Trainee: 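Sharing a structure, written as structure tokens. Questions coming.
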Amino acid sequence: MQLLDGKSTSKAIKEELSQAVEQRKKDGKKIPHLVAVLVGNDGGSLTYVGSKVKTCQKIGFESTLIHKEDTISEKELLDLVNELNNDENVDGFIVQLPLPKHIDEKKVTLAIDPKKDVDGFHPMNLGNMVLDLPGFLPATPAGMLELFKRYEIETSGKHCVVIGRSHIVGAPMSIMMGRNSYPGNSTVTLTHSRTKNLKEIVLQADIIISAIGKPGFLTADMVKEGAVVMDVGITRIEDETKKKGYRISGDVDFENVAPKCSYITPVPGGVGPMTIVSLMMNTLKAMELNGK
Ligand code: NAD
């Protein structure tokens, strides 16, 4: 069994990105500027946005955090999105989800200029992904593709079972794994909460991507010997023995599943850090796509 180490892989990518920034400076080009918009004080969102901003600083990107109260109206948020769309100094931006209930997330996603949509959630970018046209790939699936590449894992002709069909992870990942490119060319089965005989289906998988958010859901009896397992799940579990009062758990019963796998991602330290560097890679790509 080999660990798919997102921590060290993302570190290597961060170094490459720092070098790209240095090169841009030497060439007199603009430094990438990523803006993160955070609404409210959701614990998870604060952590995610915090690490995104910190990563920007580490690799030399310019970054701005815009933190708004959760009382902000939908109109005010849409006006802010419009301002960022028109700000020449901003190369890419994200609006951290989830948003408060009184704001329609779809409206906000649609309002973002696809050319600055480095999260890759806009329908234009999702459409580009399906049609193999240039655009931004959603960060978490793109991070997983990068892991396949960096570890040179064969995906062609393999049966890939994706568990979970969210618009940001499961659904796009299922499309990306079926595309006629590497990583891809897999035969994909997309499963979800209504799937019947899930265990039998997952047992046939050469590659399992689990993105549901249920700790310990994927057990050893569901996994074929030699399978590749990527665990996207991030769930906070109360734990008094930890300084923060909680620990992070993935969807996979790691201890019992890992010995059966050829490759597996740990949680934490697997897919999570790759998501953040994908966002950075998208921001750099934004400059190139926009001719800067
Ligand atoms: P979600 O929470 O929007 O939806 C969950 C999905 O799981 C649904 O499609 C549902 O059909 C499916 N599901 C639920 N119970 C199931 C069952 N018993 N069998 C089969 N399918 C079932 O999905 P999401 O936003 O993709 O989040 C999933 C998990 O991934 C969460 O823990 C989230 O925190 C985590 N996540 C991690 C990253 C990362 O960077 N590592 C990024 C995004 C999300």
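Note that this is a predicted model, so its numbers are computed, not measured. First listed ligand is number 1; within each ligand, the first listed atom is number 1.
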Trainee: Hydrogens and angles aside, do S18 and E15 bring a side-chain donor and acceptor to less than 3.5 Å of each other?
Mentor: no
Trainee: For the residue pair H159 and S186, confirm or rule out a side-chain donor-acceptor distance under 3.5 Å.
Mentor: no
Trainee: Let me see the working for K244 and D239 under salt bridge (Lys or Arg N to Asp or Glu O under 4.0 Å), right down to the final yes or no.
Mentor: CA-CA 8 Å; K244 289 180 177 162; D239 188 340; over 6 Å; no
Trainee: When you measure from the heavy atoms of G233 to every atom of ligand 1, does any distance fall below 4.0 Å?
Mentor: yes
Trainee: Using a 4.0 Å cut-off to any heavy atom of H192, which atoms of ligand 1 qualify?
Mentor: 11 (O), 19 (N), 20 (C), 21 (N), 22 (C)
Trainee: Could you find the nearest protein heavy atom to atom 44 (C) of ligand 1 and give me its residue, atom name and distance?
Mentor: V169 CG2, 4.1 Å
Trainee: Are D253 and N256 close enough that a side-chain donor and a side-chain acceptor fall under 3.5 Å?
Mentor: yes
Trainee: Near G272, which atoms of ligand 1 are under 4.0 Å from a heavy atom of that residue?
Mentor: 40 (O), 41 (N)
Trainee: Can you tell me the protein heavy atom closest to atom 1 (P) of ligand 1 and the distance?
Mentor: S166 CB, 4.1 Å
Trainee: Could you tell me, atom by atom, which parts of ligand 1 come under 4.0 Å of a heavy atom of A211?
Mentor: 6 (C), 7 (O), 28 (C)
Trainee: Hey, are Q23 and K29 close enough side-chain-wise for a donor-acceptor pair under 3.5 Å?
Mentor: no
Trainee: For atom 37 (C) of ligand 1, state which one of I248, D231, V232 supplies the nearest heavy atom.
Mentor: V232
Trainee: State yes or no: do L80 and L65 share one hydrophobic cluster built from I, L, V, M, F, W and Y residues joined by side-chain heavy-atom distances below 4.5 Å, directly or via other members?
Mentor: no
Trainee: For atom 42 (C) of ligand 1, tell me which residue out of T265, L97, T140 has the closest non-hydrogen atom.
Mentor: T140
Trainee: Is T275 in polar range of ligand 1, meaning some N or O pair under 3.5 Å apart?
Mentor: yes
Trainee: Can you check whether a protein heavy atom sits less than 4.0 angstrom from atom 26 (O) of ligand 1?
Mentor: yes
Trainee: Which is closest to atom 31 (C) of ligand 1 in terms of heavy atoms, G164, S193, P215, G213?
Mentor: G213
Trainee: Give the numbers and elements of all ligand 1 atoms closer than 4.0 Å to a heavy atom of I163.
Mentor: 20 (C), 21 (N)
Trainee: Among all protein heavy atoms, pick out the one at the shortest distance from atom 34 (O) of ligand 1; state its residue, atom name and that distance to 0.1 Å.
Mentor: I234 O, 3.2 Å
Trainee: In the protein, which heavy atom is nearest to atom 19 (N) of ligand 1, and how far is it?
Mentor: F217 CZ, 3.6 Å
Trainee: Are S210 and D251 linked by a side-chain donor-acceptor pair shorter than 3.5 Å?
Mentor: yes
Trainee: Please state which protein non-hydrogen atom is closest to atom 15 (N) of ligand 1 and give its distance, to 0.1 Å?
Mentor: K214 NZ, 3.1 Å
Trainee: Should one rank I212, L279, V271 by closest heavy-atom distance to atom 2 (O) of ligand 1, which comes out on top?
Mentor: I212
Trainee: Can you confirm whether the side chains of R236 and T47 place a donor and an acceptor under 3.5 Å from each other?
Mentor: yes
Trainee: Tell me which one of H167, R165, M144 gets a heavy atom nearest to atom 9 (O) of ligand 1.
Mentor: R165
Trainee: Apply the test side-chain contact (heavy atoms from CB on, under 4.5 Å) to residues K52 and L279: give CA-CA distance (whole Å), side-chain angles for both, the deciding distance (0.1 Å), then the verdict.
Mentor: CA-CA 8 Å; K52 287 167 188 172; L279 183 67; 3.6 Å; yes
Trainee: With no hydrogens and no angle check, do the side chains of H122 and T109 hold a donor and an acceptor under 3.5 Å apart?
Mentor: no
Trainee: Are D206 and K158 within salt-bridge range, i.e. N to O under 4.0 Å?
Mentor: no
